[in-house]
Each structure stands twice: as C-alpha cells, then as structure tokens.
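Down below is the structure, laid out as structure tokens.
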Amino acid sequence: MKYKIAKYINVNGNLMDLDSPKVMGILNITPDSFYAGSRKQTEEDILLRARQIIDEGGEIIDIGAYSSRPDADHISTEEEASRLKKALTLLNREMPEAVISVDTFRADIAKMCVEEHGAAIINDISAGSMDDRMMRTVAELRVPYIMMHMKGTPQDMQKNPEYDNVVKEVMYYFSEKVQKMRDLGAKDIIIDPGFGFGKTLEHNYTLMDKLEEFQIFNLPILVGISRKSMIYRLLGNTPDDALNGTTVLNTISLMKGANILRVHDVKEACEAVKIYCKLMSL
C-alpha cells in the first residue's frame, strides 16, 4: 500500500520537499555515543564525516554533542555548548551550504546554534519535556522542530518502561505536543516516534508495525533506528553488525510513510530511498 502525503519544511528560507524522503546523517561529537563508529571529536574527523554525509547523498547533517544512549553521563550546558561551537564554526567555514540540524533538548543551546551559527533545524529528543522553554524558543526562532517521544530521560528511560498501549500513548503524546507548538505559532513540525527511547523490544516493533497510523497528524515523520538495540539484540549481535538489519527496517519505514531517515550509514539509506522512489513511481 502506498502511504504518501506531500510535505514540505522551510529550511533557511527554502522549501525542502519531503515528498521524496531525505536522509539525515548522524555526526556525534561525543566520546560515548552507543555506536563507536559515530564518535568524531577532532576537527579533521568532524569535517571528514560531514563531507562523507553529503558526498554519499545525505541532505541534512545532524550534530549531537550530548549522548542520549541509555545510562549516558549527563553533561553541563557549558560542555555541550563548547563542543557544538567548535563543530559548527568549522562547518560554517568549510561547508557553508550544508543544512545543519542540532540534536539538543536545551533551549539556550538551540538559540545559540541558530542565532550564532546558522543551524537550520532543532532536533529535540524530549519534545520540550526536559526544558520547558524549548518549544517557545524554537517557535520564536522559526526553524523546523523535530519532536521525539521519549519516556523518562536518557539516564532512566530503559528502566522497565511500561505502556497499556504503546501506539495510543505515543499518539496522544504527539497530539498534545503538536497542538502546543501550533499554539505558539510554529509552522514546521516533524514527529519522531523515538525508537529505543523508553521502549522494550516489543514496544519498538509494535510502533514499527503501526507506523503508518502516525500519518493522521499530516506531518513529516522521522525514523531513527540506525544500528540500535532493537536490531542487534534481536539478532544476537552488536551495533557493528547491525547494518543489514538497519537497511531492512529503514525500507519498511519508508513504505509505511517515513519522510526522513536519521542514520549512521548514509550510502545504504540513500540506496533504500532510491528503490522506494522507484517503486512509488510504478
């Protein structure tokens, strides 16, 4: 079945057409993100990774300076800001045309990255739940806002998460969050079901099975399942061995309506998008 609804977001004054799904490449400037291959800290490594994302077909670079893996260490606003300033200054100088998304839950960080460094998108794992100023700040900044569902915080989200009905609860969560953003005047909202964030293996696959139901919001849907535990624990391997499983789930996500894939492996995700677009044209 074809789940296809035309959607656009305003990125730096230009409309990005999500009718053709886009690939967002992950650039983690952290020492402790769950997938070791994503960690980039030197200027050389940061720039090489950013160029790789674009060269392999990615259209958005998502920079994260705060590790949100389960039980990750909590870092200060000052530390997060320091990491991001270094990376964003470098990319603004060397790749000024790149579309940069910043993965942060802090309003002050979002404001700094947009106003001082030209970040185009804010990607918030907490949808405003970890900083009650975030939604108003992003609405005032007038940049696209990715709101993700997470139960708890990165430090406790995987400690026995429970739902009566995970699909209904996540949808209700978005109904409240989306309305709040609209009341604040926000125009470009993207929803992310938050695979792996406060969900068991069963919760994750139930959400994947029902992903098309989230089109009820008529908003772009972002899916981020790249090399996550829902893949490698099911298969009994490690993040390093989870590329094939990631590609399979990314393809299923596209068929169920995903508009943006957030990934470590950009080339493989872009190939999945090409195949999907070919199928949709038949």
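What's counted below: heavy atoms across the whole structure, side chains too, no hydrogens, waters or symmetry copies.
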With rounding to the nearest 0.5 Å, note down the distance linking CD1 in Ile252 to CD1 in Ile225. 9.0 Å
Residue pair Lys86 / Ile29, side-chain heavy-atom distance below 4.5 Å: no
Given the options Val102, Asp188, Ile146, Ile121 meets side-chain contact (heavy atoms from CB on, under 4.5 Å) only with Ile146
What residue among Thr246, Asp265, Asp241 forms side chain to side chain donor-acceptor pair (under 3.5 Å) with Arg227? Asp265
Any idea which heavy atoms bring Pro21 and Cys277 closest together, and the distance? CD-SG, 4.0 Å
Please assess Leu222 against Asn259 for the test side-chain contact (heavy atoms from CB on, under 4.5 Å), listing each intermediate value before the final yes or no. CA-CA 6 Å; Leu222 181 147; Asn259 303 99; over 6 Å; no
Flag the pair Arg106 and Glu80 as a salt bridge only when some basic side-chain nitrogen lies within less than 4.0 angstrom of an acidic carboxylate oxygen. yes
Using a cut-off of 6.0 Å, state whether more than 12 heavy atoms not belonging to Glu202 lie near its atom CD. no
Would you call Arg133-Asp131 a salt bridge at under 4.0 Å N-O? yes
Has the side chain of Asn123 got a donor or acceptor atom that lies under 3.5 Å from a matching backbone atom of Ser101? no
Side-chain touch Val23/Glu56, heavy atoms, less than 4.5 angstrom: no
Salt-bridge contact Lys22-Asp17 (side-chain N to carboxylate O under 4.0 Å): no
Contact between Leu91 and Ile63 at the side-chain level, heavy atoms closer than 4.5 Å - yes or no? yes
Please report the shortest heavy-atom distance between Ala242 and Ile231, naming the atom on each side. CB-CG2, 3.9 Å
Can His149 and Lys177 be counted as having a side-chain donor-acceptor contact under 3.5 angstrom? no
Any link between Tyr172 and Val170 through a network of hydrophobic side chains (Ile, Leu, Val, Met, Phe, Trp, Tyr) touching at under 4.5 Å? no
Answer yes or no: is there a donor N or O on one side and an acceptor on the other, between the side chain of Arg262 and the main chain of Val223, under 3.5 Å? no
Does a donor on one side chain and an acceptor on the other come within less than 3.5 Å for Gln179 and Arg182? no
Please answer whether the main-chain N or O of Thr200 pairs with a side-chain N or O of Asn204 as donor and acceptor at a distance below 3.5 Å. yes
Any chance CD of Glu176 has more than 12 other-residue heavy atoms, nucleotides or ligands included, within less than 6.0 Å? yes
Taking C-beta and beyond as the side chain, do Gln215 and Lys7 meet within less than 4.5 Å on heavy atoms? yes
Are the side chain of Lys267 and the backbone N or O of Asp55 linked by a donor-acceptor pair below 3.5 Å? no
Do other residues, nucleotides or ligands put more than 12 heavy atoms under 6.0 Å from the CG atom of Asn237? yes
Side-chain (Asn92) to main-chain (Leu88) donor-acceptor, under 3.5 angstrom: yes
Please report the interatomic distance CD1(Ile260) to CE(Met24), rounded to the nearest 0.5 Å. 5.5 Å
Could you tell me if the side chain of Leu234 sits less than 4.5 Å from the side chain of Leu201, heavy atoms only? yes
Which atom names give the shortest non-hydrogen contact between Ile53 and Val266, and what distance separates them? O-CG1, 3.6 Å
Using the rule that Ile, Leu, Val, Met, Phe, Trp and Tyr join whenever any side-chain heavy atoms are under 4.5 Å apart, tell me whether Leu48 and Val263 fall into a single cluster. no
side-chain contact (heavy atoms from CB on, under 4.5 Å) with Tyr145: of Thr137, Ile9, Val138, Leu184, only one passes, and it is Val138
For Tyr163, does the six-membered ring have the charged nitrogen or CZ of Lys151 within the cation-pi criterion, i.e. under 6.0 angstrom from the centroid and within 45° of the normal? yes
Look only at the side chain of Ser82 and the backbone of Glu78, and say whether a donor-acceptor pair between them is shorter than 3.5 Å. no
Tell me whether Lys256 contacts the main-chain N or O of Asp209 through its side chain, where contact means a donor paired with an acceptor under 3.5 Å. yes
Criterion side-chain hydrogen bond (donor to acceptor under 3.5 Å, both in side chains) on His203 and Thr206, from CA distance to verdict: CA-CA 5 Å; His203 294 147; Thr206 298; over 6 Å; no
Might you point out which heavy atoms bring Ile109 and Thr77 nearest each other, and give the distance in Å? CD1-O, 3.7 Å
Test log, rule side-chain contact (heavy atoms from CB on, under 4.5 Å), inputs Glu213 and Val167: CA-CA 9 Å; Glu213 295 187 14; Val167 175; 3.8 Å; yes
Check whether Lys210 reaches the backbone of Met208 with its side chain - one donor and one acceptor, N or O, closer than 3.5 Å. no
Any side-chain donor-acceptor pair under 3.5 Å between Tyr173 and Glu169? no
Give, for atom CG of Leu279 and atom NZ of Lys274, the distance between the pair rounded to the nearest 0.5 Å. 14.5 Å
Between the side chains of Lys111 and Glu116, is the shortest nitrogen-to-carboxylate-oxygen separation below 4.0 Å, so that they form an ion pair? no
Trace of the side-chain contact (heavy atoms from CB on, under 4.5 Å) decision for Phe217 with Ile191: CA-CA 9 Å; Phe217 295 103; Ile191 59 174; 3.8 Å; yes
Kindly say whether Arg142 contributes a backbone atom to a donor-acceptor pair with the side chain of Lys187 at under 3.5 angstrom? no
When you group the ILVMFWY residues by side-chain heavy-atom contacts below 4.5 Å and let the links chain together, are Leu243 and Leu254 in the same group? no
Is the backbone of Asn28 close enough, under 3.5 Å, to the side chain of Arg49 for a donor and an acceptor to pair up by distance? no
Between Asn10 and Pro144, which heavy-atom pair has the shortest distance, and what is it? O-CG, 3.2 Å
Could you state the interatomic distance from CG (Asp192) to CD1 (Ile125), rounded to the nearest 0.5 Å? 10.5 Å
How about Val273 and Leu261: do any of their side-chain heavy atoms sit closer than 4.5 Å? yes
Would you check, one step at a time, whether the test side-chain contact (heavy atoms from CB on, under 4.5 Å) holds for Thr251 with Ile275? CA-CA 9 Å; Thr251 303; Ile275 292 171; 6.0 Å; no
Using a distance-only test with no angle check, is there a side-chain donor-acceptor pair under 3.5 angstrom linking Ser126 and Asp124? yes
Which atoms form the tightest heavy-atom contact between Leu249 and Tyr205, and what is the distance? CD1-OH, 3.9 Å
I'd like to know whether CG of Leu15 has more than 12 heavy-atom contacts from other residues, nucleotides or ligands below 6.0 angstrom. yes
Close side-chain approach of Asp62 and Leu27, heavy atoms under 4.5 Å: no
Measuring from atom CD of Glu140 to atom CE of Met135, what distance do you get when rounded to the nearest 0.5 angstrom? 13.5 Å
Roughly how far, to the nearest 0.5 Å, is the NZ atom of Lys180 from the OG atom of Ser175? 13.5 Å
